[in-house]
Amino acid sequence: MSDPLRLGIAGLGTVGTGVVKIIQRHADLITARGGRPVVITAVSARDHTKNRDVDLSGYAWESDPVALAKRADVDIFVEVIGGSEGPARAATEAAIAAGKDVVTANKALLALHGQALAEAAEAKGAVIRFEAAVAGGIPVIKALTEGLAGNQIKRVMGVMNGTCNYILTRMESAGLPYEQVFEEARQLGYLEADPTLDVGGIDAGHKLSLLAAIAFGTKVSFDAVELEGIQKISIDDIRHAADMGFRIKLLGVAQMTGRGLEQRMSPCLVPSDSPLGQLPGGTNMVVLEGDSVGQVVLRGAGAGSGPTASAVMGDVIDLARGTRLSTFGRPAASLAAPVAAKANAPAPHYLRMTLQDKPGALAKIATVLGECGISIDRMRQYGHEDTSAPVLIVTHKTTRDAVDLALAGFTATGVMAGETVAIRIEQV
Ligand code: HSE
């Protein structure tokens with residue numbers, strides 16, 4: 001039997017304690033699968049006295065994660081502190097400088113510093129693994145890096161923030177406004193300490209940028225992700241989208257087009273009967289499209305102690321087996337600087353507007369659309385008792401620039417009785 005693989009775990013929150021529990025519960029299974037025992041030698045967290053409902057008595061305690069990262073009796077530094085800067089970054093850099101492998105759940109750290117960390121790790125012969133950073137327990141990094149390595153990836157899509165998916169599905173099922181469901185999510189403890197990370201699309205955008213780097217062989221470029229959160233989604237949008245056969249999801253899409261790399265994380269409409277449209281509550285789903293394989297759909301828990309610790313352990317056991325892959329699936333020096341697409345691929349759009357109910361109002365709107373080169377696919381006007389008429393239009397494929405031009409044109413007609421909402425419809 002080979003020597004044990006020795007872990008130092010920095011961070012004893014939901015994920016860190018989940019990792020400890022799996023190692024304590026499945027020691028024999030892990031040894032059998034990894035070919036050597038996996039043991040914890042030391043742990044680190046801010047508060048030594050806190051009751052974490054797990055036995056830590058057999059492990060050395062370090063109050064400073066940097067000191068933990070440098071310990072001679074640690075082979076793998078497991079970073080589950082979180083945050084792109086501060087102790088997580090300092091300790092990860094220290095571990096790499098000491099030539100240690102790193103397993104991390106930290107999407108923000110890699111989205112902002114992934115290229116530099118990958119280069120530093122390769123220079124030291126160390127490996128960084130981050131399955132737990134994207135879509136929790138779903139093994140999507142492994143699928144892209146290994147299982148689909150023979151494909152040219154066409155498109156990566158996904159719902160990668162369970163909190164947003166919970167909010168949007170709950171708004172629809174309970175007929176409640178955003179603010180009320182946001183408050184519910186806060187009380188249930190679903191929201192990050194800074195909720196903007198969730199509802200502003202930042203957390204999901206970090207994840208998308210990591211998938212795009214692997215899929216398209218480009219340096220991680222979170223700054224180039226077009227981000228829009230769910231804060232402005234109204235219950236009216238959700239109801240009316242449902243009426244037209246769609247659900248609203250905070251959807252990430254990355255694709256390489258003739259115009260460059262498109263990366264966007266934004267509310268989109270998807271058909272209600274598609275796998276993405278059917279995705280309930282806090283679940284995540286990632287859709288991968290390769291030239292040979294076609295479409296692969298992965299669905300599972302995107303957060304939580306067990307699922308995220310499961311992903312950490314997948315990486316740890318791979319290292320125990322001796323699997324040593326480049327961080328983003330190819331040497332860091334060979335990753336290309338991405339050229340960001342200046343405009344997104346054309347797509348159908350959903351327009352929700354309120355018109356003054358007077359002769360010729362709808363004709364004016366149709367004229368503006370025609371002048372902007374936008375063709376109407378379907379439209380619906382709802383019954384109403386006052387002097388303003390709610391109207392929904394689904395367009396054929398068009399560009400966002402054309403939609404923006406049309407929105408300005410609508411205002412100039414003088415027949416609008418409120419703001420128009422325009423949401424992209426993603427063909428999935
Ligand atoms: N806050 C995230 C979510 C999990 O709701 O999916 C951590 O990335």
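In each ligand, atom 1 is the first atom listed, and ligand 1 is the first ligand listed. The residues of the chain are indexed from 1 along the displayed sequence.
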Find all atoms of ligand 1 within a distance of less than 4.0 Å from any non-hydrogen atom belonging to K107, and give their numbers and elements. 7 (C), 8 (O)

Ligand 1 atoms nearer than 4.0 angstrom to some heavy atom of A303 are 4 (C)

Closest heavy-atom approach to atom 3 (C) of ligand 1 among A132, P307, G162, G136 is made by G162

Do the side-chain N and O atoms of T31 and D28 include a donor-acceptor pair separated by under 3.5 angstrom? no

Could you grab the distance from atom CD of Q278 to atom OG of S272, nearest 0.5 Å is fine? 7.5 Å

Contact (N/O only, under 3.5 Å) between K207 and ligand 1: yes

Which of the atoms in ligand 1, numbered in the order shown and given with their element, are less than 4.0 Å from a heavy-atom of E192? 1 (N), 2 (C), 4 (C), 7 (C)

Ligand 1 and D198, any nitrogen or oxygen pair closer than 3.5 angstrom? yes

Protein heavy atom at shortest distance from atom 5 (O) of ligand 1: T163 OG1, 2.5 Å

Over 60° means perpendicular and under 30° means parallel, so tell me whether H48 and W61 are parallel, tilted or perpendicular. parallel

Ring centres under 6.0 Å, that's the criterion: do H240 and F246 meet it? no

From the list T163, T196, N161, side-chain hydrogen bond (donor to acceptor under 3.5 Å, both in side chains) partner of D203 resolves to N161

Side-chain polar contacts of residues 71-78 - donor-acceptor pairs under 3.5 angstrom, sequence neighbours left out - could you list them?
residue : atom : partner : partner atom : Å
R71     : NE   : D73     : OD1          : 2.9
R71     : NH1  : E62     : OE2          : 2.8
R71     : NH2  : D73     : OD2          : 2.9
D75     : OD1  : R6      : NH2          : 2.9
D75     : OD2  : R6      : N            : 2.8
D75     : OD2  : R6      : NE           : 3.0

What atoms of ligand 1 come closer than 4.0 angstrom to any heavy atom of D203? 2 (C), 7 (C), 8 (O)

